[in-house]
Amino acid sequence: MTKKIQRGVASVEVAGAILQILRGSARSMELRELALIGGVSASRLHHYLVSLVRLGLVHRDPATARYELGPFAMELGLVAADELPAQHASAPWLRKLSEETGESSFFAVPSPRGALIVRWEQGAHPLTVHARLGTIMPILTSATGLIWLAFAEQQSRAVFEGELRRVSPAARKKVQRERLAQADEVRRQGMAAARGTMIANVNAVACPVMGRSGALIGILTVLGLGPGFDSSAQGDIAKRLRHCALAFGSRQA
């Protein structure tokens, strides 16, 4: 018996296709670029984008007229991430890390646009920043992003290339070589550190959480202020972080 194909709403499917293109892109896109990939005329696509922007599913940068996923799309992504077992399983480990070190910590999961923060634990020590849930951690300047590059090379490639395109052409090759070399070192050490590279005077240490299958489930990160925060690979914070990441991962499929 031939399966009956149910009739849908074409305009909804077009809108969904636009969102899929933006989700898969490591950078914001121009109208004509979106139209070319989507196979839709620019004039027709513009009408869809106006509605998607109004709904918050797409954001249009008024300065560059480029499009990217909007805040409501990010909220939907967080709702989906909240259903991930690892997100909830990370809570006691973050609590343990912050209690033992006195520092703030967070858990990030791999996503098509980068390492996405899905849970945060405030430490006893004062911190001038608070990592907002839904924040994407950059590969080039964060310890969390460097872990993603090191332990999920294929998945992170498009985002890495997108970040490199924002580097001046004269420095791009050098930055790429240096970050890939750092990723090699991170794989050997099993951790990554950042010292004021993303936010001045804020240091961070990050470790991968590998499931029993050997796949990257997420990334645990501890961060704190300047010289009082030991981000060395041999330091007490790094040792506690490695222990938590290993124990956490051993309980995940």
Side-chain angles (χ1 to χ4, degrees), residues 21-29 33 37 66 68-69 86 105-118 129 131 134-211 213-224 226 229-235 237-239 241-242 244-246 248-249 252:
I21 293 170
L22 290 173
R23 184 202 66 179
S25 175
R27 55 188 176 81
S28 58
M29 303 178 72
E33 185 181 10
I37 296 174
R66 298 177 71 92
E68 60 186 3
L69 288 179
S105 59
F106 64 80
F107 181 63
V109 296
S111 81
R113 295 179 67 82
L116 176 75
I117 296 178
V118 294
V129 296
T135 298
I136 297 290
M137 300 302 287
I139 290 174
L140 293 182
T141 56
S142 76
T144 309
L146 182 55
I147 289 287
W148 189 50
L149 175 65
F151 291 92
E153 189 174 358
Q154 292 299 318
Q155 186 183 9
S156 62
R157 179 178 297 174
V159 173
F160 183 41
E161 291 174 352
E163 290 189 26
L164 286 170
R165 281 192 288 269
R166 295 194 286 271
V167 176
S168 67
R172 191 172 298 159
K173 287 293 184 183
K174 181 175 182 291
V175 170
Q176 182 182 32
R177 285 194 303 269
E178 288 178 349
R179 207 55 171 167
L180 288 174
Q182 290 166 355
D184 288 339
E185 182 63 21
V186 163
R187 280 189 288 271
R188 286 191 290 270
Q189 290 191 341
M191 61 151 287
R195 300 172 180 88
T197 53
M198 186 172 174
I199 301 174
N201 203 39
V202 175
N203 297 340
V205 184
C207 268
V209 177
M210 311 298 289
S213 66
L216 178 69
I217 291 172
I219 303 158
L220 286 174
T221 302
V222 180
L223 65 167
F229 181 89
D230 183 6
S231 58
S232 67
Q234 295 75 34
I237 293 176
K239 290 177 183 177
L241 180 58
R242 284 196 191 93
C244 275
L246 186 62
F248 180 9
Q252 305 300 310

In Å, rounded to the nearest 0.5 Å, how long is the span from [atom1] of [X] to [atom2] of [Y]?
X	Y	atom1	atom2	answer
Phe107	Leu116	CZ	CG	10.5 Å
Thr144	Ile139	OG1	CD1	11.5 Å
Arg166	Arg172	CZ	CZ	11.0 Å
Glu163	Ile136	CD	CD1	10.0 Å
Leu220	Cys207	CG	SG	7.5 Å
Ser111	Trp148	OG	CH2	6.0 Å

Problem set entry | Pairing residues for Ala215 by the side chain to side chain contact (heavy atoms under 4.5 Å, CB included) criterion, not counting sequence neighbours |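 Checked Ala215 against side chain to side chain contact (heavy atoms under 4.5 Å, CB included); matches are Ser213.
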For residues [X] and [Y], determine if any side-chain heavy atom of one lies less than 4.5 Å from a side-chain heavy atom of the other.
X	Y	answer
Leu22	Met29	yes
Phe106	Val118	no
Leu246	Val209	no
Met137	Thr135	yes
Gln252	Met210	no
Phe229	Val222	yes
Arg179	Leu146	yes
Val186	Leu149	no

Taking all non-hydrogen atoms of both residues into account, name the closest pair between [X] and [Y] and its distance.
X	Y	answer
Ile219	Ala115	CD1-CB, 4.1 Å
Ala238	Ser232	CB-O, 3.3 Å
Ala206	Thr221	CB-OG1, 3.4 Å
Asp230	Gly235	OD2-CA, 3.2 Å
Arg187	Ala150	NH1-O, 2.7 Å
Glu153	Ser156	O-OG, 3.3 Å

Exercise. Is the number of heavy atoms from other residues, nucleotides or ligands under 6.0 Å of Glu185 CD greater than 12?
Worked result: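 Enclosed.
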For this session: Using modelled atom types only, decide if a donor and an acceptor are shared between the side chain of Arg242 and the backbone of Ala233 within a distance under 3.5 Å.
Result: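 It does hold such a pair.
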For a quick test of your reading: what N or O donor-acceptor pairs under 3.5 Å do the side chains of residues 193-203 make, sequence neighbours left out?
unit_1: Arg195; atom_1: NE; unit_2: Ser231; atom_2: OG; d: 2.9
unit_1: Arg195; atom_1: NH2; unit_2: Ser231; atom_2: O; d: 3.3
unit_1: Thr197; atom_1: OG1; unit_2: Thr141; atom_2: O; d: 2.6
unit_1: Asn203; atom_1: OD1; unit_2: Gly196; atom_2: N; d: 3.2
unit_1: Asn203; atom_1: ND2; unit_2: Gly226; atom_2: O; d: 3.1

